[in-house]
Amino acid sequence: MALKSKDLLGLKDLTAEEIHYILNTAKTMKVILLSKNKKTPHLQGKSIITLFYENSTRTRLSFELASKYMSASAANISVASSSVAKGETLIDTGKTIDMMGADVIILRHSMSGAPHLLARNVNASVINAGDGMNEHPTQALLDMFTIIEKKGSLEGLKVAIIGDIYHSRVARSNIWGMTKLGAEVSVAGPSTLIPPELERTGVKVFNTVQEALIDADVVMGLRIQLERQKKGLFPSIREYSRFFGLDEKRLKLAKEDALILHPGPVNRGVELPSSVVDSDKSLINEQVTNGVAVRMALLYLLTRRDSDESIN
Ligand code: CP
C-alpha cells in the first residue's frame, strides 16, 4: 500500500490502515536505528528541510537525525536569521525552499492550519511538526508506537490523558489516532482547560484526575504550557500540581502495569514528580528513541509513494 496524501498534516486525515502501515514500517526502522551502523541508503538523493517557527529539541533533532541516518541531504532553516525576519511570508519561504529541490518540508508553526496552507502551495511533501493548538501527528504516532511495543495493540486499552487538553496539539492528535485504533480515551484537567466539544467525540471527560486514572492501562501527562498561565486559566502551578499532578499515590489507581508517558519537555514537579519521571514505569526516554524510528518511517514512506518497493 501507499499513503494516500503527499503530506502528513494530521491524524484526523489518516485511516486506521494508514496508521498501522506507518507504525509497522517504524518497527523495521527501529531495528536499523538500534544497529551498530545506522547509515542506510533509503533517502539517498532526497532533500529534507526543517522549518521551525517555534522552539523544539526532540522533534527537530529527530527529523534531522532520521534524514541523516537514511543518507538524505538535510538542512535546517533558522527562522530568526532567515528572510522570515525581513517579513517574508510562509508561502514565499515555502516556494523558495521548493524551488531549490526539497522533497520534504517539515514545518512547526504557531498558527493552526499553517502546514495545510504550505502543502497547497508547494510540490514537496509537508510534514506537520506541530501547528498551534491543532495537531502534532508525529508525536502521537511515536506515542502509539511506544504503547503498541509494550502492550501489543491499542484495541480495548484505557488511556488517560491528563492536563491542559485545550491548548494541546499532542492531545488532539492522540485522541484522533488512538480512537481510530480502538482505545478508550479519558481526559481530566482543570475545567477551563477542557474543550467543551470533546465529549461529542466519544472521549470520556472527568472532573478529577482520580476518576480518569481508575484502571487505566496508559497514563499520559501533558506539559503545562507555562506561557498560558498568565491568562489565569488555573490558579497557580502549585494548585495545578496539587490537584492534577501524577504522583505515585494517584498512579496506584491505574492498573499495576500501567505505562507512563509524557511528550516532553517535562516540568518536573508540576505534571509529574521526578520520582515518577525517572521510574521504571516511565517510557519518556523510550518515546524519544521511538520518535526517530517513526520519523524515519514517515520520511521513507512519503518519499516512496510512487514506488512499489516495501521495506518490510
Ligand atoms: N514533544 C515535543 O514536541 O518536543 P519538542 O518541543 O522538544 O520538539
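One-based numbering, in listed order, for ligands and for the atoms of each. Just so it is clear, the structure is predicted and the values come from calculations on it, not from any experiment.
- Applying the 6.0 Å contact sphere to CE of Met100 captures no more than 12 heavy atoms from other residues, nucleotides or ligands.
- Pairs passing the ring-ring contact (aromatic ring centres under 6.0 Å, His included) check and including a residue from residues 94-123, sequence neighbours excluded, read Tyr53-His109.
- For Arg250, the salt bridge (charged side-chain N to carboxylate O under 4.0 Å, His left out) test picks out no residue, with sequence neighbours left out.
- Considering only residues two or more places apart in sequence or on other chains, Tyr69 meets the ring pair (Phe, Tyr, Trp, His ring centres under 6.0 Å) condition with none of them.
- Counting non-hydrogen atoms of other residues, nucleotides and ligands closer than 6.0 Å to CZ of Arg268 gives a total above 12.
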Please produce the table of protein N or O atoms sitting under 3.5 Å from N or O atoms belonging to ligand 1, one pair a line, distance to 0.1 Å.
| unit_1 | atom_1 | unit_2 | atom_2 | d |
| --- | --- | --- | --- | --- |
| ligand 1 | 1 (N) | Gln139 | OE1 | 3.1 |
| ligand 1 | 1 (N) | Pro263 | O | 2.9 |
| ligand 1 | 1 (N) | Gly264 | O | 3.1 |
| ligand 1 | 3 (O) | Thr59 | OG1 | 3.0 |
| ligand 1 | 3 (O) | Arg108 | NH2 | 3.0 |
| ligand 1 | 3 (O) | His136 | NE2 | 2.9 |
| ligand 1 | 6 (O) | Arg108 | NH1 | 3.0 |
| ligand 1 | 7 (O) | Thr57 | N | 2.9 |
| ligand 1 | 7 (O) | Arg58 | N | 2.9 |
| ligand 1 | 7 (O) | Arg58 | NH1 | 2.8 |
| ligand 1 | 8 (O) | Ser56 | OG | 2.6 |
| ligand 1 | 8 (O) | Thr59 | N | 2.9 |
| ligand 1 | 8 (O) | Thr59 | OG1 | 2.6 |
| ligand 1 | 8 (O) | Arg108 | NH2 | 3.4 |

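- Remark: the backbone N or O of Tyr166 is paired with a side-chain donor or acceptor of Arg172 at under 3.5 angstrom.
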